[in-house]
Amino acid sequence: MAATPISLSTHCCSSSSAYSDSTSIWSHQIPNNFLFPKPRYASLQFKGNAFPNVVFMQDGALAATVTGLENEAAHSKNLKGGLMSVTPPMEKNQIGNFDANDDKSTVSITVVGASGDLAKKKIFPALFALYYEDCLPEHFTIFGYARSKMTDAELRNMVSRTLTCRIDKRENCGEKMEQFLQRCFYHSGQYDSQENFAELDKTLKKHEAGRISNRLFYLSIPPNIFVDAVKCASLSATASAGWTRVIVEKPFGRDSESSAALTKSLKQYLTEDQIFRIDHYLGKELVENLSVLRFSNLIFEPLWSRQYIRNVQLIFSEDFGTEGRGGYFDHYGIMRDIMQNHLLQILALFAMETPVSLDAEDIRNEKVKVLRSMRPIRADDVIIGQYKSHTKGGVSYPGYTDDKTVPKDSLTPTFAAAALFIDNARWDGVPFLMKAGKALHDKRAEIRVQFRNVPGNLYNRNSGTDLDQATNELVIRVQPDEAIYLKINNKVPGLGMRLDQSNLNLLYKARYSKEIPDAYERLLLDAVEGERRLFIRSDELDAAWALFTPVLKDLEENRKVPEYYPYGSRGPVGAHYLAARHNIKWGDLGVDE
Ligand SMILES: NC(=O)C1=CN([C@@H]2O[C@H](COP(=O)(O)OP(=O)(O)OC[C@H]3O[C@@H](n4cnc5c(N)ncnc54)[C@H](OP(=O)(O)O)[C@@H]3O)[C@@H](O)[C@H]2O)C=CC1
Ligand SMILES: O=C1O[C@H](COP(=O)(O)O)[C@@H](O)[C@H](O)[C@H]1O
């Protein structure tokens, strides 16, 4: 039989082929004893065949689904039955970006700042979850690097206290934890010492045992030492044969100027492709789902414009203060901590045009375009607040400036609300309201899309229901209790004609029994796989800072005094005035919240 070109790609943990690294091989069939990287899925796209068939291979099984064929079951059976063989035989390490069964290469993940809060809280637990789900390559090692003196055993002890198992999968958890911890090591060193990084390099090499080394450095350190650490890692501990990547945590500067300077410094040592700027909100399930909702359902995209959408609200609130992080926070404030990154990233995904494909560069190109179409925020369109102490039920909650690491006269906002505008054909005149605050009455992150009213208002005439007050609203609740729900008007059952508003509700925990992975799991896996779709490109960052820098400068230079709100309240009343100026009511005040 003549050979048929097929392109083969692998991706982990999801049966949907949102992205892939492809390797073209010439073959007409695949051997039934071929080892596919467990539990990743491999998709084989046969080109030049009569039918557009895609074969998904799961857990090494030869076929789970064959789409595009008339009789899927029969073909799946045939494939399982061993009709397949590869000519020429394919090397295992030809698959995708890495092959979990690949004996020739290894991935070393170094958590720089391993003794810190984020490493303990998020990074090590996410790495364990990936290990638990068999998503890490066969040969991997995790290194903790920080100045603190620790032995491997002490690091393992520290890490073990933070690990938990998936609620829905507890089998072998203790065993898996033990195996994971045996892959964790510690190296103590300074962040600005090339010598210390050269020692780390030696230790990494020992563990890599002559395999092709791929290295991922996670900078979980304060931003003022990012460049030192990158310099030393790049000059003294770069992978010699494989790839070297660096995950950089926010903040990426405090304004356009400092962000550009940081990018310039990082690029002295790394190419843009090696820099993975993390915004963990992009790794959240419902934020990922935003594009799926828009681009895979016919009913939403046609409504996604100024023609039907009255306003969009991006809301973030936490029911605790800056506890423990006041020192960091005071230098940044809520607009830099939450709005300029997390909320703006969501806005960009929400408002961008349809990308050419789901490839990282196509998506990021669209995000940059929409960000560059936005108007820099005006000081008039921003209100700021700061929480003050409050006693409730005999418990007293501290004010922001009660934190010992915060100056007593600090004017740093812990709450802000802003109106943003996109000056393009799709969104002209539609207010995008953002609201973010700490020490509020609840914890939530959501996107609310308020639609325009129904023209004609037939039911007002006939039954006295004012539909102008009962417009449709689509809510994408990012957390907690992930959900997508749509408020619609319906008739109250009975002989009369009375209207009611109800929710069409997709509540994730009711629909899916599987636990939702933490954002850091997805992002770490993507970084290991070289998938950049959910990381911020430098031009995106520039565009984001261009929107916020002028207003931040204005507020700070004029020492604008924040509106004080009690700990645990709904925030400053100014947020309502701001919304009212745009003829809008915040959606999170309703009964469905
Ligand atoms: N914590 C969080 O929830 C979040 C953090 N981030 C970002 O992640 C990064 C790490 O955050 P986090 O873990 O909270 O930070 P930490 O303040 O806990 O610092 C991490 C480690 O860096 C070292 N370190 C701290 N201060 C200094 C200093 N002045 N000079 C040199 N080394 C220092 C310490 O290790 P040692 O002394 O052992 O060297 C410390 O354990 C930061 O960029 C932060 O902005 C982002 C989102 C959330
Ligand atoms: O980046 C940050 O995010 C957290 C909130 O993250 P979440 O995943 O718990 O919603 C916020 O508390 C912190 O101030 C900020 O730096």
Side-chain angles (χ1 to χ4, degrees), residues 110-126 144-150 154-155 158 162 186-193 196 217-230 232 246-254 262 276-287 314-346 400 403 405 412-416 436-440 442-446 477-482 516-523 536:
T110 303
V111 182
V112 182
S115 55
D117 181 58
L118 187 73
K120 284 186 247 183
K121 224 170 47 187
K122 293 288 183 187
I123 305 172
F124 286 112
Y145 184 99
R147 296 171 308 179
S148 303
K149 301 279 176 236
M150 252 193 272
E154 282 164 339
L155 173 86
M158 180 193 92
T162 69
Y186 185 73
H187 192 91
S188 167
Q190 300 294 321
Y191 302 108
D192 58 355
S193 163
N196 291 167
F217 292 89
Y218 194 130
L219 298 192
S220 183
I221 44 177
N224 57 318
I225 46 177
F226 283 172
V227 178
D228 284 341
V230 163
C232 296
V246 181
I247 298 181
V248 186
E249 262 294 348
K250 70 177 240 288
F252 315 116
R254 319 181 60 248
L262 175 64
F276 286 66
R277 294 178 194 84
I278 205 165
D279 182 314
H280 76 281
Y281 265 63
L282 291 181
K284 294 203 184 245
E285 188 65 38
L286 274 267
V287 177
L314 301 136
I315 299 173
F316 168 96
S317 76
E318 277 181 340
D319 54 3
F320 50 89
T322 56
E323 287 103 18
R325 292 186 74 220
Y328 147 81
F329 190 88
D330 201 61
H331 195 49
Y332 291 92
I334 199 79
M335 291 176 72
R336 294 184 179 92
D337 192 44
I338 302 294
M339 285 184 162
Q340 179 273 348
N341 37 63
H342 305 327
L343 296 188
L344 191 62
Q345 282 297 320
I346 296 177
Y400 173 64
D403 184 330
T405 58
T412 300
T414 58
F415 177 100
K438 292 196 174 261
L440 293 172
D442 72 353
K443 178 170 165 58
R444 74 167 70 210
E446 61 189 20
R477 192 163 63 217
V478 176
Q479 63 188 31
D481 288 337
E482 291 83 349
I516 293 179
D518 187 78
Y520 282 87
E521 292 173 37
R522 192 186 312 275
L523 295 168
I536 319 285

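Both counts, for ligands and for their atoms, begin at 1 and track the order of listing.
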Q345: which residues meet the side-chain contact (heavy atoms from CB on, under 4.5 Å) condition with it, sequence neighbours left out?
D279, L282, K367, I536, E540
Looking at K250, which atoms of ligand 2 are within less than 4.0 Å of one of its heavy atoms?
1 (O), 2 (C), 15 (C), 16 (O)
For L118 and ligand 1, does the shortest N/O to N/O distance drop below 3.5 Å?
yes
Please examine the side chains of Y186 and E154, heavy atoms only from C-beta on, and report whether any two atoms are closer than 4.5 Å.
no
Can you tell me if R325 contacts ligand 1 (heavy atom of the residue under 4.0 Å from the ligand)?
yes
Note: ligand 2 atoms sitting under 4.0 Å from heavy atoms of D337 are 13 (C), 14 (O), 15 (C), 16 (O)
What do you reckon, does I221 have a nitrogen or oxygen under 3.5 Å from a nitrogen or oxygen of ligand 1?
yes
D481: which residues meet the side-chain contact (heavy atoms from CB on, under 4.5 Å) condition with it, sequence neighbours left out?
R477, L507, K509
Would D117 count as a polar contact of ligand 1, with the cut-off being nitrogen or oxygen pairs under 3.5 Å?
yes
Per-atom filter on ligand 1: closer than 4.0 angstrom to a heavy atom of A146 are 38 (O), 39 (O)
Have a look at ligand 2 and work out which part of E249, if any, has a heavy atom under 4.0 Å from it: side chain, backbone, both or neither.
neither
Is there a polar contact between ligand 1 and S115, counting only N or O atoms under 3.5 Å apart?
yes
Carboxylate-amine/guanidinium proximity below 4.0 Å for D337 and K250
yes
With atoms numbered from 1 as shown, which atoms in ligand 2 lie under 4.0 angstrom from a non-hydrogen atom of H342?
1 (O), 2 (C), 3 (O)
Minimum distance, heavy atoms only, to atom 10 (O) of ligand 2: which one of Y281, Y520, F316, Y328 is it?
Y281
P251 heavy atoms within 4.0 Å reach ligand 1 at atoms 45 (O)
Taking distance alone, with N or O pairs closer than 3.5 Å, would you say Y328 contacts ligand 1?
no
Ranking G327, G144, P222 by closest non-hydrogen atom to atom 27 (C) of ligand 1, top hit is P222
For H280 together with Y520, are the ring centres under 6.0 Å from each other?
yes
Heavy atoms, side chains only, cut-off 4.5 Å: are Y328 and T405 in contact?
no
With heavy atoms of R325 as the reference, note each atom of ligand 2 found under 4.0 Å away.
13 (C), 14 (O), 15 (C), 16 (O)
N or O contact, F226 vs ligand 1, cut-off under 3.5 Å
no
Looking at E285 and R522, is any side-chain nitrogen of the basic one under 4.0 Å from a carboxylate oxygen of the acidic one?
yes
Atom indices of ligand 1 within 4.0 angstrom of K121 heavy atoms, with elements
1 (N), 2 (C), 3 (O)
Just which atoms of ligand 2 are under 4.0 Å from any heavy atom in E318?
4 (C), 5 (C), 11 (C), 12 (O)
Which residue and atom name correspond to the protein heavy atom nearest atom 8 (O) of ligand 2, and how close is it?
K284 NZ, 2.6 Å
